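Data block below; observations after.
Values in this document were obtained by computation on a predicted structure and should not be read as measured data.
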Amino acid sequence: QVQLAESGGGLVQPGGSLRLSCAASENIFSINIMGWYRQAPGKQRELVAFMTSTGKSNYTDFAKVRFTISRDNAKNTVSLQIDGLKPEDTAVYYCNARGVATRETYYAEEFWGKGTLLTVSS
């Protein structure tokens, strides 16, 4: 079974920095794409950024300056560094994985973590 677990959320003051992390379950052999989405209160979930297993990254426009995605293929982890935090960054941040393979199975569907809440407030 494929599981994703996010960590690193919390309460941060405006202007601060934070690093979110996501770890996939240990039975996973490879993951093609790992990424981050967020859902602010009262809004739809939106893509923040994703990275392929070859290191190619893609950012939504709002994330191109203050957000940095990185991943460790050997550990099947993905991180999101956010600098210059703003109150509008307040949201639940979700880890996403697509193209997941264990040694026995290739999964066509995508997987989600349960999310980690980031609150930016003074």
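Shortest non-hydrogen contact noted between K64 and D61 is NZ-OD1, 3.0 Å. Minimum interatomic distance between Y106 and A101 (heavy atoms only, all atoms of both residues): CD1-CB, 4.1 Å. Across I69 and G35, no two heavy atoms sit closer than the pair CD1-CA, 4.1 Å. Here the closest non-hydrogen pair linking S17 and G84 is OG-N, 4.2 Å. When all heavy atoms of A40 and T90 are compared, the pair lying nearest together is CB-O, 3.6 Å. Contact between Y59 and S57 at its shortest, heavy atoms only, is CE1-OG, 3.6 Å.
Cluster annotation: W112 and I33 are assigned to the same hydrophobic cluster (Ile/Leu/Val/Met/Phe/Trp/Tyr, side-chain heavy-atom contacts under 4.5 Å, transitive). Taking hydrophobic clusters as Ile, Leu, Val, Met, Phe, Trp and Tyr residues chained together by side-chain heavy-atom distances below 4.5 Å, I28 shares a cluster with F111. Under a hydrophobic-cluster definition in which Ile, Leu, Val, Met, Phe, Trp and Tyr are linked whenever side-chain heavy atoms come within less than 4.5 Å, directly or via other members, F67 and M34 are assigned to the same cluster. V48 and Y94 are assigned to two separate hydrophobic clusters, defined by single-linkage of ILVMFWY side chains at heavy-atom distances under 4.5 Å. Both M51 and V100 belong to a common hydrophobic cluster when Ile, Leu, Val, Met, Phe, Trp and Tyr are linked at side-chain heavy-atom distances under 4.5 angstrom.
Atom CZ of R19 is separated from atom CG of D83 by 10.0 Å, given to the nearest 0.5 angstrom. Interatomic distance, CD of Q1 versus CG of N27, reported as 8.5 Å (0.5 Å rounding). Residue Y37 holds its OH atom at 6.0 Å from CD of E110, rounded to the nearest 0.5 Å. Distance OG1/T60 to CZ/F50: 8.5 Å, rounded to 0.5 Å.
Remark: the backbone N or O of S30 is not paired with any side-chain donor or acceptor of N73 at under 3.5 angstrom. In this structure, the side chain of S25 engages the main chain of Q3 through a donor-acceptor pair within 3.5 Å. Judged by distance alone, with hydrogens and angles left aside, the side-chain atoms of E6 form a donor-acceptor pair with the main-chain N or O of G115 at under 3.5 Å.
Within the 4.5 Å cutoff, the side chain of S53 has heavy atoms near those of the R71 side chain. Looking only at side-chain heavy atoms (C-beta outward), D89 and R38 come within less than 4.5 Å of each other. At least one side-chain heavy atom of C95 sits less than 4.5 Å from a side-chain heavy atom of V78. With a 4.5 Å cut-off on side-chain heavy atoms, N76 and F29 do not count as touching. With contacts defined as side-chain heavy-atom distances shorter than 4.5 Å, the pair T116/S7 does not qualify.
Every residue meeting the side chain to side chain contact (heavy atoms under 4.5 Å, CB included) condition with T105, not counting sequence neighbours, appears here in chain and number order: T102, Y107.
Side-chain contact annotation: T54 with T52, donor-acceptor N/O pair under 3.5 Å present.
In the displayed structure, E109 atom CD is contacted under 6.0 Å by more than 12 heavy atoms of other residues, nucleotides or ligands. Within a 6.0 Å sphere centred on CD of E88, other residues, nucleotides and ligands contribute more than 12 heavy atoms.
With respect to W36, the side-chain contact (heavy atoms from CB on, under 4.5 Å) criterion is satisfied by exactly one of I82, L47, L20: L20.
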